[in-house]
Chemist: 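Pasting a structure below so you can have a look.
Being a predicted model, the structure only gives us computed values, none of them experimental.
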Amino acid sequence: MDEELKKRWEDAIENARFMLEEYKKIPTGAFGATLIAQAITRYENGERTQELLEELEGIQ
């Protein structure tokens with residue numbers, strides 16, 4: 001994995017973890033939190049697909 005791609009993964013998972021905590025604070029954020037948690041679990045289980053990277057990068 002080249003350095004640029006590695007940096008994208010690191011930034012994406014860091015943002016996802018941050019946003020998960022933010023969504024947990026929102027009374028109506030349970031659905032979004034669930035989707036983010038599932039993406040993080042996929043990452044933690046070793047998935048490194050382009051689809052997952054784009055999903056993590058798209059979390060806002």
Chemist: Where the side chain of Arg48 meets the backbone of Tyr43, is there a donor-acceptor pair that is under 3.5 Å apart?
Modeler: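 The answer is yes, because a donor-acceptor pair under 3.5 Å joins these two groups.
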Chemist: Is Leu52 reachable from Leu5 through a run of hydrophobic residues whose side-chain heavy atoms are each under 4.5 Å from the next?
Modeler: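 Yes, because Leu5 and Leu52 connect within a single hydrophobic cluster, where side-chain heavy atoms sit under 4.5 Å apart.
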Chemist: Just verifying a value: how many Å separate Arg8 CZ and Glu54 CD, rounded to the nearest 0.5 Å?
Modeler: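 The CZ atom of Arg8 sits 7.0 Å away from the CD atom of Glu54.
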Chemist: One thing to verify: whether Lys7 and Asp11 come together as a salt bridge, which I'm taking to mean a side-chain N less than 4.0 angstrom from a carboxylate O.
Modeler: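 Between Lys7 and Asp11 there is a salt bridge, with a charged N closer than 4.0 Å to a carboxylate O.
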Chemist: Do Ile13 and Phe18 belong to the same hydrophobic cluster, where Ile, Leu, Val, Met, Phe, Trp and Tyr are linked whenever their side-chain heavy atoms lie under 4.5 Å apart, directly or via other members?
Modeler: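 Yes, same cluster.
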Chemist: Spell out, as yes or no, whether a donor-acceptor pair under 3.5 Å connects the side chain of Asn15 to the backbone of Glu57.
Modeler: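 Flag not set: sc Asn15 to bb Glu57 has no pair under 3.5 Å.
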Chemist: Can you name the closest pair of heavy atoms from Leu56 and Ala16 and give their distance?
Modeler: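 Reported closest heavy-atom pair: CD2-CB, 3.7 Å.
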Chemist: Distance only, no hydrogens: is a donor on one side chain within 3.5 Å (strictly under) of an acceptor on the other, for Glu51 and Thr49?
Modeler: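 Per modelled atom types, Glu51 and Thr49 side chains form no pair under 3.5 Å.
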Chemist: Considering only heavy atoms from C-beta outward, does the side chain of Phe31 approach that of Tyr23 to under 4.5 Å?
Modeler: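 Result no, sub-4.5 Å side-chain heavy-atom pair not found.
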Chemist: If I compare all heavy atoms of Met19 with all of Ile59, which pair ends up nearest, and what's the gap?
Modeler: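 Distance-wise, the nearest heavy atoms are CB-CG2, 3.6 Å.
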Chemist: Please check if the number of heavy atoms outside Glu14 that lie under 6.0 Å from its CD is greater than 12.
Modeler: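 Not more than 12 within 6.0 Å, no.
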Chemist: Would one find more than 12 heavy atoms of other residues, nucleotides or ligands at under 6.0 Å from atom CD of Glu4?
Modeler: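 Counting other residues, nucleotides and ligands, CD of Glu4 stays at 12 neighbours or fewer.
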Chemist: Indicate yes or no: does Glu44 engage Arg17 in a salt bridge with an N to O separation below 4.0 Å.
Modeler: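 So Glu44 pairs with Arg17 through a salt bridge.
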